[in-house]
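Please read the structure below before turning to the comments.
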Amino acid sequence: MSFDKPLLGIALMLGFCIIAPLGDAIAKLIGQSVALGPMLLVRFGVQVLLLLPFIALSLRPWLLSPRALRLCFLRTVLHMAGIGLMFTALRHMPLADAIAIVFVLPFINLVLGRFILGETVGPARLGACVVGFVGTLFVIQPSFAEVGWFAILPLMVAFLFSGFMLITRHIAHETDPIGLQFVSGIMATVMILPLFALGAAAEFAEFTWTLPDIREWSLLLSVGALGTLAHLLMTWSLRYAPSATVTPIQYVEIPIAALIGLLIFAELPNALAAFGMSLTIAAGLFTMLFEEANRRRSLRALPEPVPMQSVAE
């Protein structure tokens, strides 16, 4: 479990890319009728309830060291803030546009992984992430013209999640993924609850509780379940591969989000945004092929095993 396995990390990140935009689409649906506070509370409360049986029945390690607990707290704050801003952006923006803008994230992670974690970053990876970053700028421009400053929120989400993923990578080898998500869910739920009292006192509508109806409850629970599974897959992917390897794979999330947006919301990106998305997708595909080629070269470079007969002689 402590050795890097890039292909397994890539496969787990691909699972994240399928589940995460589906959860975002449901959040976009429910965001028009439910305030932000209840959405966040149910999102993290469901995370705790779903993981509790795994903790209780499998006796998985969930108690963290003081150092890991401090980092987990910071990770949880970044996670809450990122999800809150993303839920807000989805109220005003097309699904695929919001997700595509977040894809400045691999560029940020590339720099952080190189200078903070000491991960190897070659010119090919750097070039792919620069192309992806340029593609993101093409998406921001038409989105900003249509919705104004709300188009900047996904960019802020990218910075928050870059810190989130950096901390996840930093403690992934010393924590159990399910235990880490369980503790993080408890922390988030405890931090969100007092905000309702503050919201009521300040008459802030986003943190006032109104009882959802049956449809809203089902959608809220779905957001929590899909979000929990998606971030477990992300945590596992970072356990097996460097962040500079797996984060560009998230580019696959863009066409999936575009398809979901078309089917559910009848949304289509305009020509400039579509061009930017194409650049980011191309950068992600290049990175996947580059990593596979590196893996094969490494295998060919391994020394041949010495036959037992030769050893005996």
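- When hydrophobic clusters are built by joining Ile, Leu, Val, Met, Phe, Trp and Tyr residues whose side-chain heavy atoms come closer than 4.5 Å, directly or via intermediates, L259 is not grouped with L90.
- Residues A151 and M93 approach most closely at CA-SD, 3.7 Å, considering heavy atoms.
- When every heavy atom of L36 is checked against every heavy atom of E206, the shortest pair comes out as N-OE1, 2.7 Å.
- For L263, the CG atom sits in a packed shell: over 12 heavy atoms of surrounding residues, nucleotides or ligands are nearer than 6.0 Å.
- In this structure, CD1 in I167 is found 9.5 Å from OG in S162, a value given to the nearest 0.5 Å.
- Taking 4.5 Å as the limit, every side-chain heavy atom of L262 sits out of range of all side-chain heavy atoms of E267.
- Scanning both residues, L95 and P21, for their nearest heavy atoms gives CD2-O, 4.1 Å.
- In this structure, the side chain of Q32 does not engage the main chain of L29 through any donor-acceptor pair within 3.5 Å.
- Distance check: R43 CZ to I192 CD1 gives 9.5 Å after rounding to the nearest 0.5 Å.
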Review point. Can you list the steps and then say if E216 with I30 is a side-chain contact (heavy atoms from CB on, under 4.5 Å)?
Key: CA-CA 7 Å; E216 290 169 345; I30 193 65; 3.6 Å; yes

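- Between the OG atom in S237 and the CG atom in L232 there is a gap of 11.0 Å [rounded to 0.5 Å].
- Side-chain contact between M277 and P255: absent, with no pair of heavy atoms (C-beta onward) separated by less than 4.5 Å.
- F204 has its side chain out of reach of T208: every pair of non-hydrogen atoms, C-beta onward, lies at least 4.5 Å apart.
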Exercise for review: Begin from the C-alpha positions of F150 and L153 and carry the test side-chain contact (heavy atoms from CB on, under 4.5 Å) through to its verdict.
Suggested key: CA-CA 5 Å; F150 289 108; L153 294 183; 3.8 Å; yes

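- Here the closest heavy-atom approach between residue G31 and residue R91 is recorded as O-NE, 3.1 Å.
- With values rounded to the nearest 0.5 angstrom, L198 atom CG is found 11.5 Å from L193 atom CG.
- Partner L64 forms a side-chain contact (heavy atoms from CB on, under 4.5 Å) with one of L71, T175, I171 and no other, that one being T175.
- For the atom pair CE of M86 and CG of D24, the computed distance is 4.5 Å after rounding to the nearest 0.5 Å.
- Closest approach of I19 and A230 over heavy atoms only: CG2-CB, 3.9 Å.
- Contact check for F164 versus T168: side-chain heavy atoms found under the 4.5 Å cut-off.
- What you find for I264 and A25 is that their closest heavy atoms are CD1-CB, 4.1 Å.
- Under 3.5 Å, the side chains of T228 and Q181 contain no donor-acceptor pair of N or O atoms.
- Using bins of under 30°, 30° to 60° and over 60° for the plane-to-plane angle, the ring pair H231/H79 lands in the tilted bin.
- Contact annotation: the side chain of S184 approaches that of Q47 to within less than 4.5 Å [non-hydrogen atoms, C-beta and beyond].
- Residues L22 and F16 share a single hydrophobic cluster, defined by chaining ILVMFWY side chains whose heavy atoms lie under 4.5 Å apart.
- Within a 6.0 Å radius of CZ in F196, more than 12 heavy atoms belonging to other residues, nucleotides or ligands are found.
- Linking ILVMFWY side-chain heavy atoms closer than 4.5 Å, directly or via other members, places I83 and M191 in a single hydrophobic cluster.
- Note that CG of L74 is 12.0 Å distant from CG of L69, once rounded to the nearest 0.5 Å.
- Under a hydrophobic-cluster definition in which Ile, Leu, Val, Met, Phe, Trp and Tyr are linked whenever side-chain heavy atoms come within less than 4.5 Å, directly or via other members, L14 and W236 are assigned to the same cluster.
- Under the 4.5 Å side-chain criterion, counting only non-hydrogen atoms from C-beta, F138 is in contact with L279.
- Hydrophobic clustering of Ile, Leu, Val, Met, Phe, Trp and Tyr side chains at less than 4.5 Å, counting indirect connections, keeps L49 apart from F44.
- Side-chain contact between M39 and V223 is absent, with no heavy-atom pair separated by less than 4.5 Å.
- Under the 4.5 Å side-chain criterion, counting only non-hydrogen atoms from C-beta, V190 is not in contact with M187.
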Practice item. Evaluate the criterion side-chain contact (heavy atoms from CB on, under 4.5 Å) for residue pair F182 and V48; output intermediate values, then yes/no. Key: CA-CA 5 Å; F182 179 69; V48 174; 3.8 Å; yes

